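Notes for the one structure printed next.
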2 protein chains.
Amino acid sequence: MTHVQELPSGSGPIPASAVEILTQDLRRRILSGDFRPGEFLRDVKMCEEHSTSRHTFRTAALVLVTQGLLRQIPNRGFMLPEFGPDDIVDITRLRGAIEGEAVRMIVLTGVIPPAALDAVAVMRDPARSADRSALVTADRDFHRAIIAASGSARLKRTYSGLEGEIELLLIQRQGFYAAAEDMALEHERLIDSLKSRHYGTARDAFQEHWEDLQTRLLDQR
Amino acid sequence: MTHVQELPSGSGPIPASAVEILTQDLRRRILSGDFRPGEFLRDVKMCEEHSTSRHTFRTAALVLVTQGLLRQIPNRGFMLPEFGPDDIVDITRLRGAIEGEAVRMIVLTGVIPPAALDAVAVMRDPARSADRSALVTADRDFHRAIIAASGSARLKRTYSGLEGEIELLLIQRQGFYAAAEDMALEHERLIDSLKSRHYGTARDAFQEHWEDLQTRLLDQR
DNA sequence: CCCACAGATATTGTTGGACAATAAAGGGTC
DNA sequence: GACCCTTTATTGTCCAACAATATCTGTGGG
């Protein structure tokens, strides 16, 4: 079983490199709560579990460090970050800057991204919104669609890094939404604010949305 | 000369890892125009010139990829990016979002970062502003100070990534400022706008500043 | 002439094994 | 219990190797 690298037969559109694959895998594991905050990712263990060499693990981990999903402690290894109140307001601030710019573009062009509407539909549908993880996914898809609609590669790149941190935060502090219905309602309000095609209105609505999430996260524990 | 790793005796406050050192070195080389746009960084050559192993080079290069200073072409290696008009407006857009948020914080607190004033002083001083590279540095320091004043770790992190791309752009398209005096004048205007402690005023001033730079860059060639 | 196609050559991406340096864990003494 | 020494584990780095892919070269046909 040496050097045998199975290609993703019919699934993957991109035959990505081993480092990219591992980066994605680790990302998934981290965001699914496989590790506790403050836990170290021992590389021998990781290499066994993902059957890669220590070098590839190390490289992938470093990429995740640049995205804020891991922290490197010199001579101690790679650790899952623990978020404090400062991190929460900091993340909210950057998020506001990024998503605010995307909102500005959407208002300018007047095109509401269909994927955002789809995400709201999921929140509205009791059958699909029963699963909590489906809600998290829907929320992620909504905001990702907003960013994508900006048409800016760098905005997207920056947000995708931040997105990881946001999700990790939501994982570490669960129960951020009382009910699926509230979530749907709030996001419908955001859509409406975009339809107004008035930047001030939209910006205020989104601002309130972020700050709501922030206070909810801060109130927890 | 194997495994001998000279520690920075009295200079470095942080005995950084080899990857960090190499990342910084490569960054410097890239930003000093050592490589042409589109040029590939062959790893054997790089390893010789920096006397490191191929792994460390590869890891460092990948970090630079995440910062937009290099691009990885599968099975071709790491290439210096070539910026087109799209990239210029895209960079300007993200920059506006990031720096705009920092400006908002500064206006809120009312504290003008001293480092920004220092940078303007350099532009004003004919002796120091004679050297073109000193001007570039002063401009970088000015805007870096603005970001730092926001007090947000993530804003800083994001901007430092973007900063590299901006500098590289300035390297690839030189002569963006007609004279040092114009530069000083424009930045003094920015300082004044901050002193007004009115977000709309400051935001407009900065917005104009970025857009000026954008059009100057776009007009070139 | 130049296009295509074969082999030779170079370069990348990944792996395994090795080792120094540092941190963490025992273990004994006072 | 606090301190020092030894042992162990883990990290960070290097070297050497190899498969896969890309590039170069030369040769023959149209």
Side-chain angles (χ1 to χ4, degrees), chain A residues 1-9 12-27 30 35-36 38-66 69-82, chain B residues 1-9 12-26 30 35-36 38-66 69-81:
Chain A
M1 199 186 284
T2 55
H3 276 227
V4 177
Q5 187 139 329
E6 64 263 43
L7 302 181
S9 48
I14 315 153
S17 78
V19 172
E20 285 178 64
I21 293 173
L22 182 57
T23 305
Q24 279 305 97
D25 285 355
L26 284 179
R27 191 186 173 88
I30 291 172
F35 312 102
R36 303 222 146 273
E39 185 178 343
F40 277 89
L41 271 60
R42 302 297 170 192
D43 44 359
V44 275
K45 195 175 172 187
M46 288 301 129
C47 291
E48 278 181 11
E49 293 181 12
H50 294 265
S51 57
T52 52
S53 89
R54 223 149 66 81
H55 296 292
T56 28
F57 163 71
R58 192 147 256 295
T59 309
L62 217 79
V63 171
L64 291 176
V65 168
T66 70
L69 282 183
L70 286 177
R71 295 182 61 178
Q72 187 178 29
I73 317 289
N75 296 317
R76 296 279 319 275
F78 299 95
M79 188 189 81
L80 239 75
E82 302 176 88
Chain B
M1 199 188 283
T2 55
H3 277 229
V4 177
Q5 186 139 329
E6 63 265 43
L7 302 181
S9 48
I14 314 152
S17 78
V19 172
E20 284 178 63
I21 293 173
L22 181 58
T23 305
Q24 278 305 99
D25 284 355
L26 284 178
I30 292 172
F35 312 102
R36 304 225 143 273
E39 185 178 344
F40 277 88
L41 271 60
R42 302 295 170 194
D43 45 359
V44 274
K45 196 175 172 189
M46 287 301 129
C47 291
E48 278 182 12
E49 293 180 13
H50 293 267
S51 57
T52 53
S53 90
R54 227 149 64 81
H55 295 292
T56 31
F57 163 72
R58 193 149 255 295
T59 308
L62 218 78
V63 171
L64 291 176
V65 168
T66 71
L69 282 183
L70 285 177
R71 294 182 62 176
Q72 186 178 29
I73 316 290
N75 296 318
R76 298 279 318 276
F78 299 94
M79 188 189 80
L80 240 74

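Each chain gets a letter, A, B and so on, in the order its sequence line appears, and its residues count up from 1. Note that the coordinates shown come from a computational prediction; the quantities given were computed from them, not determined experimentally.
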List, one per line, each side-chain donor-acceptor pair under 3.5 Å for residues 55-64 of chain A, sequence neighbours excluded.
unit_1	atom_1	unit_2	atom_2	d
A:Thr56	OG1	A:Ser53	N	3.3
A:Thr56	OG1	A:Ser53	O	2.8
A:Thr56	OG1	A:Ser53	OG	3.2
A:Thr59	OG1	A:His55	O	2.9

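- Spacing between atom CE of A:Met79 and atom C1' of C:dA24 amounts to 17 Å, rounded to whole angstrom units.
- Atom CG in A:Leu62 sits about 13 Å away from atom C1' in D:dT11, given to the nearest Å.
- Residue order along DNA chain D, read from the 5' end via each residue's closest nucleotide, puts A:Phe40 first among B:Thr52 and A:Phe40.
- Rounded to whole angstrom, the span from the CD1 atom of B:Ile21 across to the C1' atom of D:dG12 amounts to 12 Å.
- Proximity of residues 41-50 of chain A to DNA chain C (heavy atom under 4.0 angstrom from any strand atom) is not detected for any residue.
- As a whole-Å value, the separation of B:Glu20 CD from D:dT11 P is 17 Å.
- One donor-acceptor pair, N or O on each side, does fall under 3.5 Å between the base of D:dT13 and the side chain of A:Arg54.
- Note that CG of A:Leu80 is 5.5 Å distant from CD1 of A:Ile30, once rounded to the nearest 0.5 Å.
- Atom CG of A:Asn75 is separated from atom P of C:dA24 by 9 Å (rounded to the nearest Å).
- The distance between atom CG of A:Leu70 and atom P of D:dT11, rounded to the nearest whole Å, is 13 Å.
- Put simply, the side chain of A:His55 and the base of D:dT13 share no donor and acceptor less than 3.5 Å apart.
- Not counting sequence neighbours, A:Glu39 has no partner by the salt bridge (charged side-chain N to carboxylate O under 4.0 Å, His left out) test.
- Within the nucleic acid shown, B:Arg58 comes within 4.0 Å of at least one base atom, counting heavy atoms only.
- Distance A:Ile73 CD1 to D:dG12 P: 10 Å, rounded to the nearest Å.
- Between A:Thr56 and the phosphate of C:dG13, there is no side-chain N or O to OP1/OP2 separation shorter than 4.0 Å.
- Comparing A:Arg76 and B:Pro74 by the nucleotide of DNA chain C whose heavy atom lies nearest to each, the residue mapping closer to the 5' end is B:Pro74.
- In this structure A:Asp25 satisfies the side chain to side chain contact (heavy atoms under 4.5 Å, CB included) test together with A:Ile21, A:Arg28, A:His50, sequence neighbours excluded.
- Here the nucleotide nearest the side chain of B:Ser17, chosen from D:dA22, C:dT15, D:dT13, is D:dT13.
- For D:dT11, the OP1/OP2 oxygens have no side-chain nitrogen or oxygen of A:Gln72 closer than 4.0 Å.
- With sequence neighbours excluded, the residues forming a salt bridge (charged side-chain N to carboxylate O under 4.0 Å, His left out) with A:Arg54 are A:Asp43, listed by chain and number.
- As a whole-Å value, the separation of B:Phe57 CZ from C:dT12 C1' is 11 Å.
- Under the side chain to side chain contact (heavy atoms under 4.5 Å, CB included) criterion, A:Arg42 pairs with A:Phe40, A:Lys45, sequence neighbours left out.
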